[in-house]
Amino acid sequence: MTLIETNELKKIYLLGENEVRALDNVSLKINTGEFVAVMGPSGSGKSTFMNVIGCLDEPTSGRYLLDGIDVSKMERDALAQIRNKKIGFVFQGFNLLPRTSALENVEVPMLYNNTPPRQRKDRAMWALKALGLEGREHHHPSQLSGGQQQRVAIARALVNDAPLILADEPTGNLDTKTSVEIMELFVRLNEENKITIVLVTHETDIASFSQRTIRFLDGHVISDKATKR
Amino acid sequence: MISIPSTFKISLRALRVNKMRSALTMLGIIIGVAAVITMIAVGKGTSEKLSQQIATVGSNMIIVLPGSTTAGGIRGGFGTQMTLTRADAEAIERECSAVLLVAPVLNGVAQVVYGNQNWSTGVYGTTEAMLEVRDWGLVAGRNFTEQDIRNSTKVCLLGQTVVDKLFGGMDPLQQTIRIKKVPFTVIGILESKGQSVIGQDQDDVIFIPLTTAQKRIFGTTMPGMVRTIAVKARSAQDLNRAEEQITQLLRQRHRIGPNQEDDFSVRNLTQMLDLAQQASKAMALLLAAIASISLLVGGIGIMNIMLVSVTERTREIGIRMAVGAKTWDIRLQFIIEAITLSLIGGMIGIVLGVIVTKFLSAFANLTTVISPFAVILSFGFSGLVGIFFGFYPAYKASLLNPIDALRYE
């Protein structure tokens, strides 16, 4: 089943007099349950691609179907709702709320879909437990290691049962050992929970955990094939 | 949409993180609300005190004073010449349609003696109408009768101060006191009226029949002379008409030509006090207006700090948007934060305002009245300040682009 389908996606920025084609006719399909690595040098358009499929940015033209729904022309608030229900984000800098406990950080997405407080807490506890963070629920991000912080962020991405996780250089701030742990976690979520994962990275080691690698250059897809192991 | 209690919790946490900053921001609102409450309390207290005093003078009161003497081009003040008579008073009552009651007065200061106590006080010779003209009741005994006036009986009514000074704890009724050595029987005790507008003790008086005062106490050169005439108009609307009628009548009776000055003067007491009250109300309003400016300044402080807060928390806003916060979720969060600031400030301000007000009435001898209306008004106003000054920063926050907000360092 197709989860992500883009059709001649274009994103053009105007930088002064110059037109920058961040995405130029990108047409792709990603199926449910795939683990895809998106690679490319900086400025290749991979980040823009992630922002568009993450419903954070609108394409200049083209069509984007997420789970069969055309979201390319949706309003701001409708997009927020789509992000809330369908997409879990994992960032390089973790992006947790400071001075807020792990538990409350994981509860944040549920604040925006009317989950009752009791259920919010239960689900957040469940997600933290699933990621091996039992006993750390009341720690603030500053009291957690990088790997633990990233796991809190993944718990936050899972808590609304989103079918898609978008991870933007999730191991960029982590040491090699922790990076491998986090990547194994993604593999497990992909295999056991059938969650579709799209991962941006520029490290081949990290990309090697995926099944499929898409390479970007100057706004174009230059290669799209099974990942070499 | 995000639930209000959850938002409120987020706001409280955000405010706790910057305790000092939140406290200083609130200070503006605290001072504003406290100032509004104190000013309204002082203003209301003053005007209430005035209206009480107006009530003690007697409603719809006009007082007629005699004119001045002129001797060799030197003019004395009002009252230096006795130009009014009891007949004038009777004529006013008879002929002026706007007048309800008239009480002529002949007064002076006299030494009064009871047993081994003595006291100098104001002795007023008047008629039985006096009590009604001044809206003055008796706590014990009876008023004069027409017969007392006609027969110049030696009876008197005592004010509370005189009772206290002469009798201590004893019952003065039917006792005999001496006024300028003339024995008088106490037949009534006046109720207490307290201080007048100018701070005079209104209870330091003795009323005796006018005729007795004329014949026995203040033996005047011309019989029938009175010092002042107290007049009660039919209603507040009749005050001006009564004033005109009295002036016209007395000019006629005193045979004053068209170009001559009056040899008497008519004063509308109630109107003077009303003016004083209006002035005090205007003053109170002005003070409250000035105080509310400080509330406004406090509001600007809130807006300032909320704008800083939005900038500082750009990344937080980006995270919230990424995980599904909608425009109004973000707006509500910051508006509720501003309202929380201003309402907590408002509550502290109310407490402070009440304390300052109590302090003022205890130590600065000011009459103050804390009205629930002022409290609700200033509390509500501080809430509105929060909404008003919180809206722009919240609006700004909600317009952020999630991608830029997430990347904000």
Side-chain angles (χ1 to χ4, degrees), chain A residues 11 13 22 47-48 50-52 54-58 74-101 104-117 120-121 140-141 152-153 155-160 162 166 168, chain B residues 1-22 305 308-337 340 394-409:
Chain A
K11 181 75 190 179
Y13 296 107
S47 290
T48 309
M50 287 296 269
N51 288 338
V52 171
C55 298
L56 289 167
D57 205 352
E58 265 180 62
M74 273 193 178
E75 297 284 324
R76 225 177 134 92
D77 283 355
L79 285 176
Q81 227 158 347
I82 296 274
R83 288 197 296 272
N84 185 266
K85 284 193 191 117
K86 307 236 157 156
I87 306 169
F89 290 94
V90 179
F91 303 94
Q92 177 177 0
F94 319 132
N95 274 341
L96 298 174
L97 300 181
R99 292 175 289 259
T100 306
S101 72
E104 285 169 301
N105 259 296
V106 177
E107 282 186 43
V108 171
M110 292 182 284
L111 287 176
Y112 303 111
N113 59 16
N114 298 323
T115 312
R120 235 159 41 204
K121 198 177 167 201
H140 287 189
V152 173
R156 183 179 64 191
L158 290 175
V159 85
N160 272 346
L166 294 180
D168 191 354
Chain B
M1 199 171 337
I2 189 165
S3 74
I4 303 286
S6 311
T7 318
F8 186 67
K9 259 176 78 183
I10 296 169
S11 306
L12 279 184
R13 191 197 349 260
L15 296 177
R16 264 208 307 275
V17 167
N18 288 304
K19 283 193 197 72
M20 187 67 176
R21 191 162 90 181
S22 308
I305 230 61
V308 172
S309 179
V310 166
T311 310
E312 272 181 358
R313 286 150 70 193
T314 301
R315 215 180 163 89
E316 175 190 327
I317 296 163
I319 296 168
R320 290 184 185 278
M321 285 175 166
V323 301
K326 291 179 282 291
T327 313
W328 269 100
D329 293 328
I330 299 293
R331 265 180 217 178
L332 259 186
Q333 181 184 334
F334 285 94
I335 289 173
I336 286 182
E337 203 168 308
T340 307
Y395 174 76
K396 233 184 117 185
S398 72
L399 288 190
L400 285 173
N401 178 342
I403 302 166
D404 298 337
L406 276 169
R407 285 207 202 108
Y408 186 84
E409 292 297 331

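Chain naming here is simple, since letters A, B, ... match the order of the sequence lines and numbering starts at 1 in each.
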Next item on the list: Determine, step by step, whether B/Arg13 and A/Leu97 satisfy the side chain to side chain contact (heavy atoms under 4.5 Å, CB included) criterion, reporting the C-alpha distance in whole Å, the side-chain angles of both residues, the deciding distance to 0.1 Å, and the verdict.
Entry: CA-CA 12 Å; B/Arg13 191 197 349 260; A/Leu97 300 181; over 6 Å; no

Item checked: Contact origin within A/Arg76 toward chain B - heavy atom pairs under 4.5 Å -> side chain

Note to self: Return the CG to CD1 distance between A/Leu96 and B/Ile319, rounded to the nearest 0.5 Å.
What the structure shows: 7.0 Å

Check: Can you find a pair of side-chain heavy atoms, one from B/Ile403 and one from A/Met50, that are under 4.5 Å apart?
Finding: no

Next item on the list: Name the region of A/Glu104, side chain, backbone, both or neither, that has any atom closer than 4.5 Å to a heavy atom of chain B.
Entry: side chain

Check: In Å and rounded to the nearest 0.5 Å, what is the CG to CG distance from A/Asp168 to B/Leu406?
Finding: 10.0 Å

Item checked: Backbone N/O of B/Thr327 and side chain of A/Asp77: donor-acceptor pair under 3.5 Å -> yes

Note to self: With a 4.5 angstrom heavy-atom cut-off, is it the side chain or the backbone of B/Arg16 that approaches chain A, or both, or neither?
What the structure shows: neither

Item checked: chain A contact via B/Arg313 - which portion, at a heavy-atom distance below 4.5 Å -> neither

Next item on the list: With a 4.5 Å cut-off on heavy-atom pairs, point out which of B/Ala322, B/Gly318, B/Pro402 contacts chain A the most.
Entry: B/Ala322

Notebook entry, point to check: Relative to chain B, which segment of A/Leu79 carries a heavy atom at a distance below 4.5 Å: side chain, backbone, both, or neither?
Noted result: neither

Note to self: Heavy-atom cut-off 4.5 Å, strictly under: side chain, backbone, both or neither for B/Ile10 against chain A?
What the structure shows: side chain

Next item on the list: Evaluate side chain to side chain contact (heavy atoms under 4.5 Å, CB included) for B/Ser6 paired with A/Glu107, printing each intermediate quantity in order.
Entry: CA-CA 11 Å; B/Ser6 311; A/Glu107 282 186 43; over 6 Å; no

Next item on the list: Grab the two heavy atoms, one from B/Ala325 and one from A/Ala80, that are nearest each other, plus how far apart they are.
Entry: O-CB, 3.7 Å

Next item on the list: For chain B, find which of A/Asn95, A/Leu56, A/Asn84, A/Asn160 contributes the most heavy-atom pairs closer than 4.5 angstrom.
Entry: A/Asn95

Margin query: Assess the residue pair B/Val323 and A/Arg83 against the criterion (side chain to side chain contact (heavy atoms under 4.5 Å, CB included)); give the C-alpha distance rounded to whole Å, side-chain angles, the decisive distance to 0.1 Å, and a yes or no.
Written below: CA-CA 6 Å; B/Val323 301; A/Arg83 288 197 296 272; over 6 Å; no

Note to self: Determine whether A/Glu75 and B/Lys326 satisfy the following criterion, side chain to side chain contact (heavy atoms under 4.5 Å, CB included), listing intermediate values before the conclusion.
What the structure shows: CA-CA 11 Å; A/Glu75 297 284 324; B/Lys326 291 179 282 291; over 6 Å; no

